[in-house]
Amino acid sequence: MTPAESRALPAPHPEAATGPDEMVSYRTPGGLFAATAPAEAPAEPDAPTDPDAPSEPATPSEPAAPADPHAPVEDVAVADGAEVVPTRAWWRRWTRRRQHLAVGGLFLLAALWVTSRIWLDPSGRVASLYTGDPAQVQFFLAHSVRVVLHGEYPFYTEQFNYPDGVNLMANTAVLALGIPMVPVTLLFGPAVSFVVLVTLGLAGTAMAWYLMLSRHLVRTPLAAAVGGWFCGFSPAMLSHASWHPNIISQFLLPFIVWRVLVLTRSHRPVRDGALLALLVTVQAFINEEILLFAALACGVFLLAVLAQEPARWSAAWRPLGIGVVTCALLAGALLAYPLYVQFAGPMAYHGLSDAVKDYGNDIAAFFAPGSPTLGGNQRANINLAPNYSEENAFFGWSLSMLAIGIVVWLRRELIVRALAVTGLFFAVLSLGERVSWWDRELVSGPWQLLVHLPLLDAVVPTRFGLITSVVIGLLLALAVERAWALRPADRRTVRTLTAAGLAFALLPIAPMPLRMVSRPPVPDFITADRWRAYVGPDQTLVPIPVPSMGNTHGMRWAATTNLDFKIPGGYFLAPRNGNTGDAGRFGGRPSGVGQMLEEVATTGRMPKLDDRQRRRFADELRHWRAAILVLPLRQQNAEPLRRTVEDLVGPGRQELDVWVWDVRALTDHSV
């Protein structure tokens, strides 16, 4: 390192005590970039000071200087005939712990604001457009209760899609979230656990990025808070919040990225590789797709750095290689059996449904505000994303232009160029197999060349936009840090302009409460345990209509009882033809009668039935080992459904708030 480079390095933060293998810089991340100096760093920065130490008065022979490099010059106390004594803003007088608590409280309040409408009635409200995913997650949360209390096998279940069952490792069973939430699920139910996970997922992800940024990338608290805010409350995160708590629970992601960068200069790569393996293992039981994204993003980012400065490879390859091998061996050993079940166990599938493989962003989606934001408009976003739960870009014009401006302004910094390459690379991949502009196809996308590769064939391409969102959050943090460190004559004007620029870029995509609609309550027949008089341990309760991707109320019924009864069908991913290794599809084996009842529930039109259809329905009931059929009185088109079922199996009877058909005599194999 040259003398000029050593002078350009920023002063370490007093809390940034690290070992020799974890060098920390507040302008660049620890590890590979510990010796990188920003091109525009001042040649002779102020002497480092403790932000919590008391200020000292300036001498008359020297102009007064603030005790802290980031304290405003104008914050001084002046009295007639007295020396000028610099004072710090109230924020700077706080300890680091108080600052962290204040920022964490702000993030938690924001998360409560976003989820406020569902908190009013967790059991009776659901996202306004797609109700399947919340019901599925609640089912998985109830499964975690059975794992903890009854020692049930965690990676496979027959409690839905009976008797074929469901491979839970291939269906994101969120065990790393569900098991810690078991006390909440037992006390308040899976619906409350769901909204708790959404709230903590948003706030926890923002806080995790804030802590990592404030310790390893920037020293200005505002810069870290802005970066953490966007990583936790970006339009993409808000889009997934209504449906996918496993995707928004990214609070391990910043620490995984940090540990990868530490490996590039580690003096103890075996230890650091083992720590990384533990983080990887836990993340695998939250969401494997996010883990894969983190690995790909780190790889592209490091390649972008080494392509610009190949000399860094000579110092980085050995510790990085040892650490990665250690991580792979340890994480591979911990995850070997679960991954075997996922890819070779019962009801395993290879590759996603064709309907999902083609999910891609429209180019215009990067310049429109997201639907759940202040400036968002659902109607305007039609066809810019696969659906409203997959708005994985939607930064708005102002933020998109600001991000480009930041890259141009800080283009001399290695980390900024590497981040720009990473964000752009994954933004292009997120366009999917066909690149379009306002729903008009332009050319084939590069994803078409990668979609059939192992592991990538199970990726939803539009979600690569989540990586671009994180990149923009890091760029915002760097830009605020650099702007706060400028020393023009009028610092207050610069900071005012910086705040105005942030408001201009972020206000249109400010988070708004998630849209909710009422959903039918779980029937009293279920909550009062009246079903127990009919259903045995090896029998099923068949909700009408039969549970499927579009009808998941029966899954909520089972989740409310902690899966004490089995149901046929449901919403999940399974092999297309029921054979392990087939391509995936949503739902199990097609049910002719199930599809017929779903059509009656949707249209209200009764079909004309014959004896063949009645025999087919009886065969399906025997296959499901059905004990009773249950139709809620408040089900949509309940009367046509009741008459249709009576035409199939005979008259039922009303019990509490449902119609019940006891079909045990029809399905008992001994009879």
Side-chain angles (χ1 to χ4, degrees), residues 130-133 135-137 139-140 143 155-173 243-244 246 287-289 292 338-360 386-387 389-390 432-434 447-463 540 542-543 545-552 554-555 566-599 602 616-617 619-625:
Y130 314 107
T131 62
D133 290 286
Q136 184 190 65
V137 174
F139 194 97
F140 293 156
H143 172 72
F155 307 135
Y156 176 84
T157 184
E158 291 182 343
Q159 297 305 116
F160 68 138
N161 194 39
Y162 187 83
D164 295 332
V166 175
N167 189 318
L168 297 178
M169 277 302 299
N171 277 272
T172 316
W243 299 279
H244 307 137
N246 55 311
N287 187 275
E288 292 176 329
E289 191 174 33
L292 177 61
L339 292 179
Y340 167 78
V341 174
Q342 177 176 345
F343 293 106
M347 298 299 286
Y349 60 89
H350 293 168
L352 291 178
S353 166
D354 292 337
V356 179
K357 283 183 179 180
D358 199 30
Y359 278 9
N387 55 57
S389 69
E390 296 288 352
E433 297 185 59
R434 291 183 293 275
W447 180 245
Q448 194 172 41
L449 305 175
L450 305 174
V451 66
H452 298 295
L453 295 179
L455 296 183
L456 295 184
D457 62 354
V459 168
V460 183
T462 175
R463 294 179 183 173
T540 63
V542 182
V546 180
S548 65
M549 183 176 180
N551 294 285
T552 55
M555 295 179 66
K566 299 178 174 68
I567 60 172
Y571 174 38
F572 53 91
L573 279 163
R576 182 171 300 167
N577 298 311
N579 300 316
T580 294
D582 290 345
R585 58 167 290 162
F586 289 105
R589 299 182 184 183
S591 166
V593 175
Q595 293 175 357
M596 178 187 68
L597 293 175
E598 183 174 349
E599 184 176 349
T602 303
R616 183 176 181 181
F617 188 36
D619 289 341
E620 289 195 356
L621 292 178
R622 294 188 188 98
H623 177 71
W624 295 333
R625 298 182 183 177

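Just the heavy atoms: all of them, side chains too, but no hydrogens, waters or symmetry mates, feed the values below.
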Student check: side-chain heavy atoms of [X] and [Y] closer than 4.5 Å:
X	Y	value
Val460	Leu352	yes
Pro163	Arg625	no
Asp133	His244	yes

Worksheet item: Who are the side chain to side chain donor-acceptor pair (under 3.5 Å) partners of Thr157, not counting sequence neighbours?
Response: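 By the side chain to side chain donor-acceptor pair (under 3.5 Å) rule, Thr157 matches no residue at all.
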
Fill in: Set of side chain to side chain donor-acceptor pair (under 3.5 Å) partners for Asn171, sequence neighbours left out
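Partners of Asn171 by the side chain to side chain donor-acceptor pair (under 3.5 Å) criterion come out as none, since no residue qualifies.
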
Please round to the nearest 0.5 Å and tell me the distance separating atom [atom1] of [X] and atom [atom2] of [Y].
X	Y	atom1	atom2	answer
Arg616	Ser591	CZ	OG	7.0 Å
Glu289	Leu455	CD	CG	11.5 Å
Glu620	Arg589	CD	CZ	11.0 Å
Met347	Thr580	CE	OG1	7.5 Å
Asp358	Arg434	CG	CZ	3.5 Å
Ile567	Trp624	CD1	CH2	11.0 Å

Quick one: closest heavy-atom pair of [X] and [Y], and the distance?
X	Y	result
Asp582	Asn577	OD2-CB, 3.2 Å
Gly432	Pro461	CA-CB, 4.2 Å
Pro386	Gly360	CD-O, 3.7 Å
Gly554	Pro543	CA-CG, 3.7 Å
Pro575	Ala348	CG-O, 3.1 Å

Discussion item. Side chain to side chain contact (heavy atoms under 4.5 Å, CB included), that's the test. Do Val137 and Trp243 meet it? Break it down for me.
Written reply: CA-CA 8 Å; Val137 174; Trp243 299 279; over 6 Å; no

Sub-3.5 Å donor-acceptor pair from the side chain of [X] to the main-chain atoms of [Y], do we have one?
X	Y	result
His452	Asp457	no
Glu158	Lys566	no
Tyr349	Ala170	yes
Asn161	Gly570	no

Discussion item. Parallel, tilted or perpendicular, judged at 30° and 60°: which one describes the rings of Phe572 and Phe160?
Written reply: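 Perpendicular: the ring planes of Phe572 and Phe160 meet at over 60°.
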
Item to complete: Under the side chain to side chain contact (heavy atoms under 4.5 Å, CB included) rule, what do Val166 and Tyr156 come out as? Steps first, then yes or no, please.
Response: CA-CA 6 Å; Val166 175; Tyr156 176 84; 5.8 Å; no

Discussion item. I'd like to know if Arg622 and Asp619 make a salt bridge, using a cut-off of under 4.0 Å between side-chain N and carboxylate O.
Written reply: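 Counted as a salt bridge, because a side-chain N and a carboxylate O are separated by less than 4.0 Å.
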
Worksheet item: Is there a side chain to side chain contact (heavy atoms under 4.5 Å, CB included) between Thr552 and Gln136 once you walk through the steps?
Response: CA-CA 8 Å; Thr552 55; Gln136 184 190 65; over 6 Å; no

Discussion item. Run Arg463 and Tyr359 through side chain to side chain contact (heavy atoms under 4.5 Å, CB included) and show every step you take.
Written reply: CA-CA 9 Å; Arg463 294 179 183 173; Tyr359 278 9; over 6 Å; no

Item to complete: Pick out which of Val459, Thr172, Leu339 makes a side-chain contact (heavy atoms from CB on, under 4.5 Å) with Glu288.
Response: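 Of the listed residues Val459, Thr172, Leu339, the side-chain contact (heavy atoms from CB on, under 4.5 Å) partner of Glu288 is Leu339.
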
